[in-house]
Amino acid sequence: MTKVFLLLYFLLEVLFLVQALDNHRKIGFYELERENFKLNLTNYGATIVSVVTPDKHGKLADIVLGYDSIDSYKNDTTYFGAVIGRVANRIGGAKFTLYDKTYHLPANDHGNTLHGGTRGLSDVIWTVESHKKHSHVTFTYDSPENEQGFPGKVKVKVTYKLVGAHKLIVKMIAKSVDKATPVNLAQHTYWNLGGHKSGNILSHNVQIFGSHITPVDKLLIPTGEIRSVKGTPYDFLQPKKVVTHIRKLPDLYDINYVLNKSFQNQLTKAAVVRDPVSGRKMELWSNQLGMQFYTSGQLNGTKGKDGAIYHKFAGIALETQGFPDSVNHPYFPTQIVKPGETYEHIMLYRFTAS
């Protein structure tokens, strides 16, 4: 009992120190703008709050789902626009074993760990390292030992950078200070190219450059299999509307694609999304091996910004990532970062309209 008490005391002390540090950090909003392309971000969760871009007629609209207030982001369960970690997506059984030691994590999703636990990187206040309105903003965060049960200290840096008129680069870097630890960061923006208040995304045309998926069980934990999309509702190798096969799926679209890549760290095209009404098109490149395709099936009357009410299918999330639950599947590409190693995750978005 004494050991258990000491462990609980240590965990409470760590939580108290992290919260105390957060109380001394200020939450702010940071704008990036070039020509008629504008982003608004906050250092709470290193979150994208809005992206404003023109349609085929030059009319501007905000194309990401979000909230009006920081309090809403703090109480959020949808992860709108946030950076997710230390380990994005799910970890089965809320535990993993590394070098013969088992680490237990918060079970915040039906007995599993989702998006880093009950207080992941999406729920902390990041430090603003640098901000230039017409160029970039860089957020940093030092994740302490045993945060959400993960081993070691990790230094994380996220940069949002404008390139050209309508291109955005997101670069996420993590370095382990003292212990090997899993790292799998993701950017969790929900996109609606018609405008965040325009309704659903069922008519959006989607192309995904992934010929395989990692199938999951009823709790969305990968089975360990890698399966071809050929002849299934998951086949988006050629552009098709989201609505085409969605009714054939029990859980709608919430699945990891194995992207078609020759080399693990190569920047290659992951997806293209186009809204036929506004003419807006978004292209996404990444250096990651996987991408979660999620059609917001769990939204149910969520109160968003500008008086919007977000229902099922209100947005699309395209989360480039390592494979979910890789820490428990030895045949999946590893997510373990050792001291002295650097995790690097790059995304390039290009927005056009015609």
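From a predicted model like this one, the values you see are computed outputs, not experimental measurements.
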Participant: Please report whether the ring centroid of Trp285 lies less than 6.0 Å from that of Phe209.
Facilitator: no

Participant: Kindly say whether Asp68 contributes a backbone atom to a donor-acceptor pair with the side chain of Tyr73 at under 3.5 angstrom?
Facilitator: no

Participant: Is there a path of hydrophobic side-chain contacts, each under 4.5 Å between heavy atoms of I/L/V/M/F/W/Y residues, joining Phe150 to Leu98?
Facilitator: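 Linked within one cluster.
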
Participant: Quick one about Thr97 and Thr102 (side-chain donor to acceptor, distance below 3.5 Å, no hydrogens or angles considered), yes or no?
Facilitator: yes

Participant: For Lys269, is there an ion pair with Glu283 - N to carboxylate O distance below 4.0 angstrom?
Facilitator: yes

Participant: Please say whether more than 12 non-hydrogen atoms of neighbouring residues, nucleotides or ligands are located less than 6.0 Å from CD in Gln298.
Facilitator: no

Participant: Which residue in the set Leu284, Leu289, Val170, Asn287 passes side-chain contact (heavy atoms from CB on, under 4.5 Å) when paired with Thr320?
Facilitator: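 Of the listed residues Leu284, Leu289, Val170, Asn287, the side-chain contact (heavy atoms from CB on, under 4.5 Å) partner of Thr320 is Leu284.
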
Participant: Give a yes or no answer on whether the side chain of Gln148 reaches the backbone of Thr118 with a donor-acceptor pair at less than 3.5 Å.
Facilitator: yes

Participant: Got a sec: does the NZ of Lys56 have more than 12 other heavy atoms crowding it under 6.0 Å?
Facilitator: yes

Participant: Indicate yes or no for a side-chain donor-acceptor contact from Asn108 to the backbone of Leu114 under 3.5 Å, with no hydrogens or angles considered.
Facilitator: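 Pair found, side chain donor or acceptor close to backbone of Leu114.
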
Participant: Main chain of Gly315, side chain of Asn192: is a donor-acceptor contact present, judged purely on distance under 3.5 Å?
Facilitator: no

Participant: If you compare all heavy atoms of Ala270 against all heavy atoms of Leu259, which two are closest, and at what distance to 0.1 Å?
Facilitator: CB-CD1, 3.8 Å

Participant: Tell me whether Asp109 is salt-bridged to Arg90, with the criterion being a basic N under 4.0 Å from an acidic carboxylate O.
Facilitator: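 Looking at Asp109 and Arg90, the cut-off is met.
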
Participant: Is the ring centre of Phe236 less than 6.0 Å from the ring centre of Phe293?
Facilitator: yes

Participant: Is the backbone N or O of Asn75 less than 3.5 Å from a side-chain atom of Asp71, with the two atoms forming a donor-acceptor pair by type?
Facilitator: no

Participant: At their closest point, which heavy atom of Asn200 faces which heavy atom of Ser203, and how far apart are they?
Facilitator: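 Shortest heavy-atom separation between Asn200 and Ser203 comes out as OD1-N, 4.4 Å.
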
Participant: Classify the ring geometry between Tyr294 and Tyr190 as parallel (under 30°), tilted (30 to 60°) or perpendicular (over 60°).
Facilitator: perpendicular

Participant: Do Glu129 and Lys157 meet the salt-bridge criterion of a basic N to acidic O distance under 4.0 Å?
Facilitator: yes

Participant: Let me check something: do Phe139 and Val83 share a hydrophobic cluster, defined by ILVMFWY side-chain heavy atoms less than 4.5 Å apart, either directly or through other members?
Facilitator: yes

Participant: Could you state whether Leu185 and Tyr79 fall into the same hydrophobic cluster, counting links through intermediate Ile, Leu, Val, Met, Phe, Trp or Tyr residues with side-chain heavy atoms under 4.5 angstrom apart?
Facilitator: no

Participant: Using the ring of each side chain (for Trp, its six-membered ring), is His196 parallel, tilted or perpendicular to Tyr310, with breaks at 30° and 60°?
Facilitator: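 It falls in the perpendicular class, over 60°.
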
Participant: I'd like to know if the side chain of Ser69 and the backbone of Ser72 have a donor-acceptor N/O pair within less than 3.5 Å.
Facilitator: yes

Participant: Ring-plane angle category for Tyr253 and Tyr234, please: parallel below 30°, perpendicular beyond 60°, tilted otherwise.
Facilitator: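 Taking Tyr234 first and then Tyr253, their aromatic rings stand perpendicular (interplane angle over 60°).
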
Participant: Between Lys197 and Gly304 (side chain of the first, backbone of the second, donor and acceptor by atom type, cut-off under 3.5 Å), is there such a pair?
Facilitator: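 Here the side-chain-to-backbone pair does not exist.
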
Participant: Suppose we call two aromatic rings close when their centres sit under 6.0 Å apart. Are His212 and Tyr257 close by that rule?
Facilitator: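 His212 vs Tyr257: aromatic centres not under 6.0 Å.
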
Participant: Between Lys305 and Asp62, is there a side-chain N and carboxylate O pair less than 4.0 Å apart?
Facilitator: yes

Participant: What are the two closest heavy atoms between Ala61 and Gly195, and how far apart are they?
Facilitator: CB-CA, 4.4 Å

Participant: Indicate yes or no: does Glu145 engage Lys153 in a salt bridge with an N to O separation below 4.0 Å.
Facilitator: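 No, Glu145 and Lys153 are not salt-bridged.
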
Participant: Using every non-hydrogen atom in the two residues, find where Phe96 and Pro151 come nearest and quote the distance to one decimal.
Facilitator: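 In this case the closest contact between Phe96 and Pro151 is CZ-CD, 3.9 Å.
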
Participant: Inspect the surroundings of CG in Asp142 and state if more than 12 heavy atoms from other residues, nucleotides or ligands are less than 6.0 Å away.
Facilitator: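 Count over threshold, so yes.
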
Participant: Please check this pair: side chain of Asn256 against backbone of Pro324, looking for a donor-acceptor N/O pair closer than 3.5 Å.
Facilitator: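 Side chain of Asn256 to backbone of Pro324: no pair is present.
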
Participant: With a 3.5 Å distance limit and no angle check, can you tell me whether Asp275 reaches the backbone of Asn205 through a side-chain donor-acceptor pair?
Facilitator: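 No, the answer is negative, given that no donor and acceptor are paired below the 3.5 Å cut-off.
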
Participant: So, do Phe29 and Tyr44 have ring centers that fall under 6.0 Å from each other?
Facilitator: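 Centroid separation for Phe29 and Tyr44: 6.0 Å or greater.
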
Participant: Are Ile336 and Thr181 side-chain neighbours, meaning at least one heavy-atom pair lies under 4.5 Å?
Facilitator: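 No, every pair of side-chain atoms sits at 4.5 Å or beyond.
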
Participant: I'd like to check Ile309 versus Thr302 (side-chain heavy atoms, cut-off strictly below 4.5 Å). Are they in contact?
Facilitator: no

Participant: Using atom types as modelled and distance alone, determine if a side-chain donor or acceptor of Asp217 lies under 3.5 Å from a backbone N or O of Leu219.
Facilitator: yes

